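One structure is given here, and the rest of the page talks about it.
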Amino acid sequence: QVQLVESGGGLVQAGGSLRLACATSRLTFSRYVMGWFRQAPGKEREFVSGISRTGGTTLYANSVKGRFTISRDNNKNTVYLQMNILNPEDTAVYYCAADSLLYISIVADEYDYWGQGTQVTVSS
């Protein structure tokens, strides 16, 4: 079945950086919009960033704009999230997701496939 596997999470000090990766399998990767969401304890899952099928269009939540960069490599079936200037409010489980729609959705329910998540913890 389709698999999305995130990696790259960990513990980092405030101001530091992490790069998340999401490798997919059994998915026609180039036909899917890819998104990153996150969920902190006691909070709802929220949209972080999304990227179009070709990578030509990206979208960011206001809270991460200018600090995070999403990219994709359609040859490697992988999407990335470069996270810079991290702060404790970025602490959450980060999920990647695949969406067969033509546009970048910020609504989690519109995504078809999800990874298991990777923990990102930012200490102050």
Side-chain angles (χ1 to χ4, degrees):
Q1 69 272 21
V2 172
Q3 287 189 319
L4 283 67
V5 180
E6 300 96 337
S7 61
L11 174 64
V12 64
Q13 288 189 333
S17 298
L18 284 174
R19 188 191 193 206
L20 306 184
C22 173
T24 70
S25 59
R26 300 184 182 90
L27 183 77
T28 308
F29 184 73
S30 62
R31 293 184 181 179
Y32 284 82
V33 166
M34 299 300 297
W36 285 96
F37 288 75
R38 66 186 181 186
Q39 188 166 19
K43 295 187 177 181
E44 293 188 355
R45 191 169 298 191
E46 66 173 356
F47 173 81
V48 175
S49 183
I51 189 166
S52 64
R53 298 176 176 188
T54 63
T57 302
T58 57
L59 184 65
Y60 297 93
N62 287 335
S63 58
V64 306
K65 199 173 296 184
R67 300 187 297 122
F68 290 11
T69 302
I70 190 171
S71 61
R72 67 189 294 162
D73 186 335
N74 284 355
N75 292 321
K76 295 183 178 180
N77 297 336
T78 301
V79 61
Y80 305 94
L81 187 68
Q82 177 67 43
M83 305 186 295
N84 299 327
I85 319 175
L86 286 161
N87 59 63
E89 289 70 38
D90 295 316
T91 295
V93 177
Y94 283 71
Y95 300 89
C96 71
D99 185 356
S100 60
L101 295 177
L102 295 177
Y103 56 89
I104 302 171
S105 174
I106 65 170
V107 179
D109 287 346
E110 293 188 355
Y111 284 74
D112 302 299
Y113 302 104
W114 289 85
Q116 82 290 346
T118 186
Q119 177 70 48
V120 170
T121 303
V122 184
S123 64
S124 57

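All values reported here derive from a predicted model rather than from experimental measurement.
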Value rounded to 0.5 Å, distance of [atom1] in [X] from [atom2] in [Y]:
X: Glu44; Y: Gln39; atom1: CD; atom2: CD; value: 8.5 Å
X: Asp90; Y: Ser63; atom1: CG; atom2: OG; value: 7.0 Å
X: Thr28; Y: Asn74; atom1: OG1; atom2: CG; value: 11.0 Å
X: Ile51; Y: Thr57; atom1: CD1; atom2: OG1; value: 8.5 Å
X: Ser124; Y: Gln13; atom1: OG; atom2: CD; value: 9.5 Å
X: Thr78; Y: Phe29; atom1: OG1; atom2: CZ; value: 6.0 Å

Is there a path of hydrophobic side-chain contacts, each under 4.5 Å between heavy atoms of I/L/V/M/F/W/Y residues, joining [Y] to [X]?
X: Leu20; Y: Val79; value: yes
X: Ile104; Y: Val107; value: yes
X: Val93; Y: Phe37; value: yes
X: Leu81; Y: Phe47; value: no
X: Val48; Y: Leu18; value: yes

- Task: Might you work through the side-chain contact (heavy atoms from CB on, under 4.5 Å) test for Met83 and Val120, ending with a clear yes or no?
- Result: CA-CA 10 Å; Met83 305 186 295; Val120 170; 3.8 Å; yes
- Message: Tell me whether Leu101 at atom CG has more than 12 heavy atoms from other residues, nucleotides or ligands lying less than 6.0 Å away.
- Response: yes
For the student: nearest non-hydrogen atoms of [X] and [Y], plus distance:
X: Ile85; Y: Arg67; value: O-NH1, 2.9 Å
X: Val2; Y: Arg26; value: CG2-O, 3.0 Å
X: Leu59; Y: Ile106; value: CD2-CG2, 3.7 Å
X: Thr54; Y: Arg72; value: C-CD, 4.4 Å
X: Arg31; Y: Arg53; value: O-NE, 3.1 Å
X: Leu4; Y: Gln116; value: O-OE1, 3.4 Å

- Item | Side chains of Asp99 and Ser105, donor plus acceptor under 3.5 Å | no
- Item | Distance-only donor-acceptor check, side chains Glu110 and Tyr103, under 3.5 Å | yes
Could you check if a side-chain atom of [X] sits within less than 4.5 angstrom of a side-chain atom of [Y], using non-hydrogen atoms only?
X: Ile70; Y: Tyr60; result: yes
X: Thr24; Y: Tyr32; result: no
X: Leu27; Y: Asn77; result: no
X: Gln119; Y: Thr91; result: yes

- Task: Quick one: which residue pairs count as a disulfide bond (SG atoms under 2.5 Å apart) with a foot in residues 42-124, not counting sequence neighbours?
- Result: Cys22-Cys96
- Task: Please work out which of the three classes, parallel, tilted or perpendicular, describes the rings of Tyr94 and Phe68, given edges at 30° and 60°.
- Result: tilted
